[in-house]
Amino acid sequence: MNIERTRIILEDLERTLLQFMRKHGITHDEYRCATDILVDSVKAGEETLLYDVFLEAEATDNANIDRRSSIEAIEGPFYLPNSPLLKAPYVLPQRCDEAGDVLFFRGIVASPDGMPLAAAEIDMWQADAEGRYSNFHPGVPEWNLRGRFRTDHDGAFEVRTIVPPPYEIPKNGPTGVVLKTLGRHFFRPAHLHLKVRHPRYKELTSQLYFDGGAYLDSDVANAVREDLVVQLVRRDAPRDQSVRGLHKSVFEVRYFFVLEPRPATHIRHRV
Ligand code: MBD
Ligand code: FE
């Protein structure tokens with residue numbers, strides 16, 4: 001980040017917080033209570049949950065103004081880099097009896113002028129049918145429902161996973177206590193998390209929600225945007241025996257990703 005911009009922002013942040021404290025006559029006890037919440041949320045393993053719930057969506061809105069590419073979405077606190085690289089046909093890592101309806105997620109990755117992007121990497125993570133994220137919530141196998149895969153020659157991809165449920169934020173941790181004090185519920189609508197990468201384009205962090213799902217209008221993180229809501233369409237079970245044998249409902253969602261080109265970094269001056 002630009003050092004001058006950082007200085008201006010920090011000065012304004014300090015001024016804004018000091019004005020806020022003066023306005024409410026914040027006492028020493030109240031000040032300590034606030035720092036305890038921040039420290040406890042990290043100690044409780046909530047990482048950036050508190051900030052992601054209250055602030056992250058605002059940052060994406062700022063980034064999405066006048067955008068020519070797909071809009072970005074909040075990352076949330078449960079992303080981990082270096083998830084398993086999958087082999088086609090792509091199936092997100094899961095238990096052999098993974099609970100939840102089968103979901104085929106299909107889509108295309110393209111440039112703003114509609115050129116399909118081959119070998120773009122899609123890095124996907126989501127909660128299981130009980131609303132738990134692997135590597136964070138105990139009892140879920142490592143890297144469950146996390147994986148990376150690539151688009152084919154036509155910029156297309158397909159991956160099999162499960163339909164996640166709405167996600168309930170831990171009620172008893174510091175973030176939960178703050179939400180309870182505000183009288184809010186603890187739910188986010190069901191969602192898929194994604195990052196899309198291609199060497200010549202900017203990385204896109206996205207998140208997709210299902211039309212008609214619960215909490216779309218009252219997401220505790222206030223992060224649902226119209227362009228991120230996809231149709232969950234019921235499908236006949238494919239011939240693939242591994243899915244057929246499970247006797248589950250099969251659904252499909254589609255999304256068309258448009259990536260923003262990276263600004264040119266090498267400008268050659270001819271003399
Ligand atoms: C999540 O799964 C999430 O995406 C966010 C933003 C906050 C808490 C849990
Ligand atoms: Fe999430």
Side-chain angles (χ1 to χ4, degrees), residues 1 3 5-21 24 26-63 72-84 123-128 130-148 164-195 203 205-207 215 218-224:
M1 206 157 81
I3 185 78
R5 175 171 160 81
T6 308
R7 190 185 62 78
I8 290 167
I9 288 171
L10 280 175
E11 279 178 359
D12 194 31
L13 178 66
E14 180 188 35
R15 198 179 310 122
T16 304
L17 290 175
L18 290 176
Q19 268 169 12
F20 167 86
M21 289 177 73
H24 294 282
I26 298 296
T27 66
H28 213 152
D29 281 351
E30 287 165 339
Y31 165 77
R32 222 13 112 187
C33 179
T35 59
D36 284 349
I37 288 170
L38 301 185
V39 173
D40 289 350
S41 74
V42 177
K43 281 190 187 157
E46 296 192 351
E47 312 279 329
T48 60
L49 178 65
L50 182 66
Y51 317 99
D52 295 351
V53 163
F54 285 94
L55 306 176
E56 193 176 6
E58 183 68 25
T60 65
D61 287 342
N62 291 334
E72 63 174 55
I74 65 174
E75 178 174 307
F78 302 131
Y79 173 68
L80 285 173
N82 307 313
S83 70
D123 188 341
M124 194 172 160
W125 72 105
Q126 65 171 91
D128 70 6
E130 287 172 58
R132 299 173 303 184
Y133 283 86
S134 62
N135 306 42
F136 286 91
H137 298 92
V140 186
E142 223 187 358
W143 301 110
N144 202 60
L145 300 177
R146 295 176 183 272
R148 288 178 290 157
Y167 177 80
E168 189 179 24
I169 282 166
K171 280 194 272 251
N172 299 319
T175 306
V177 170
V178 173
L179 291 170
K180 214 172 294 170
T181 307
L182 288 167
R184 298 199 191 154
H185 69 65
F186 306 89
F187 283 94
R188 299 213 60 225
H191 56 274
L192 303 172
H193 289 278
L194 309 128
K195 285 177 182 282
E203 179 176 298
T205 299
S206 186
Q207 186 172 156
Y215 307 108
S218 64
D219 176 10
V220 67
N222 189 27
V224 180

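What's counted below: heavy atoms across the whole structure, side chains too, no hydrogens, waters or symmetry copies.
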Trainee: Applying side chain to side chain contact (heavy atoms under 4.5 Å, CB included), can you list everything that pairs with L182, at least two apart in sequence or on another chain?
Mentor: F54, V178, R184
Trainee: Side-chain donor-acceptor contacts of residues 38-47 below 3.5 Å, not counting sequence neighbours, with atom names and distances?
Mentor:
from : atom 1 : to   : atom 2 : distance (Å)
S41  : OG     : L38  : O      : 3.0
E46  : OE1    : T175 : N      : 3.1
E46  : OE1    : T175 : OG1    : 2.5

Trainee: Output all residues satisfying side chain to side chain donor-acceptor pair (under 3.5 Å) with T60, sequence neighbours left out; order by chain, then residue number.
Mentor: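 Testing T60 for side chain to side chain donor-acceptor pair (under 3.5 Å), a comparison that skips the adjacent residues, returns none.
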Trainee: What residues, two or more places apart in sequence or in another chain, satisfy ring pair (Phe, Tyr, Trp, His ring centres under 6.0 Å) together with F136?
Mentor: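 With sequence neighbours excluded, F136 shows a ring pair (Phe, Tyr, Trp, His ring centres under 6.0 Å) to F78, given in chain and number order.
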Trainee: Measure across P164 and A127 and return the closest heavy-atom pair with its distance rounded to 0.1 Å.
Mentor: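 Residues P164 and A127, closest heavy atoms: CB-O, 3.8 Å.
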Trainee: Looking at side-chain heavy atoms only, is the closest gap between S83 and D123 below 4.5 Å?
Mentor: yes
Trainee: Could you tell me which residues satisfy side chain to side chain contact (heavy atoms under 4.5 Å, CB included) with D29, sequence neighbours excluded, listed by chain and number?
Mentor: T27
Trainee: Check V220, N222, D219 against V53 for a side chain to side chain contact (heavy atoms under 4.5 Å, CB included) and give me the one that passes.
Mentor: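 When side chain to side chain contact (heavy atoms under 4.5 Å, CB included) is applied between V53 and each of V220, N222, D219, only V220 qualifies.
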Trainee: Under the side chain to side chain donor-acceptor pair (under 3.5 Å) rule, collect the residues that match up with E11, sequence neighbours excluded.
Mentor: R7
Trainee: Check side chain to side chain contact (heavy atoms under 4.5 Å, CB included) between P77 and all other residues, then give those that pass, not counting sequence neighbours.
Mentor: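 T48, L49, D52.
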Trainee: Excluding sequence neighbours, so at least two apart, what forms ring pair (Phe, Tyr, Trp, His ring centres under 6.0 Å) with F187?
Mentor: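 Counting only residues at least two positions away or on another chain, F187 forms a ring pair (Phe, Tyr, Trp, His ring centres under 6.0 Å) with Y215.
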Trainee: So, using ring pair (Phe, Tyr, Trp, His ring centres under 6.0 Å) as the criterion, who are the partners of H28 when residues are at least two apart?
Mentor: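 Applying ring pair (Phe, Tyr, Trp, His ring centres under 6.0 Å) to H28 gives none.
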Trainee: For T6, check side chain to side chain donor-acceptor pair (under 3.5 Å) against everything at least two apart and list the hits.
Mentor: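 Residues passing side chain to side chain donor-acceptor pair (under 3.5 Å) with T6: none at all.
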Trainee: One pair to check against side chain to side chain contact (heavy atoms under 4.5 Å, CB included): T35 and R32. What are the steps and the verdict?
Mentor: CA-CA 5 Å; T35 59; R32 222 13 112 187; 3.3 Å; yes
Trainee: Which atoms form the tightest heavy-atom contact between H191 and Q126, and what is the distance?
Mentor: O-CB, 4.2 Å
Trainee: Residues in side chain to side chain donor-acceptor pair (under 3.5 Å) with E168, at least two apart?
Mentor: K171
Trainee: Could I get the full list of side chain to side chain contact (heavy atoms under 4.5 Å, CB included) partners for E75, not counting sequence neighbours?
Mentor: E56, Y79, W125, K195, T205
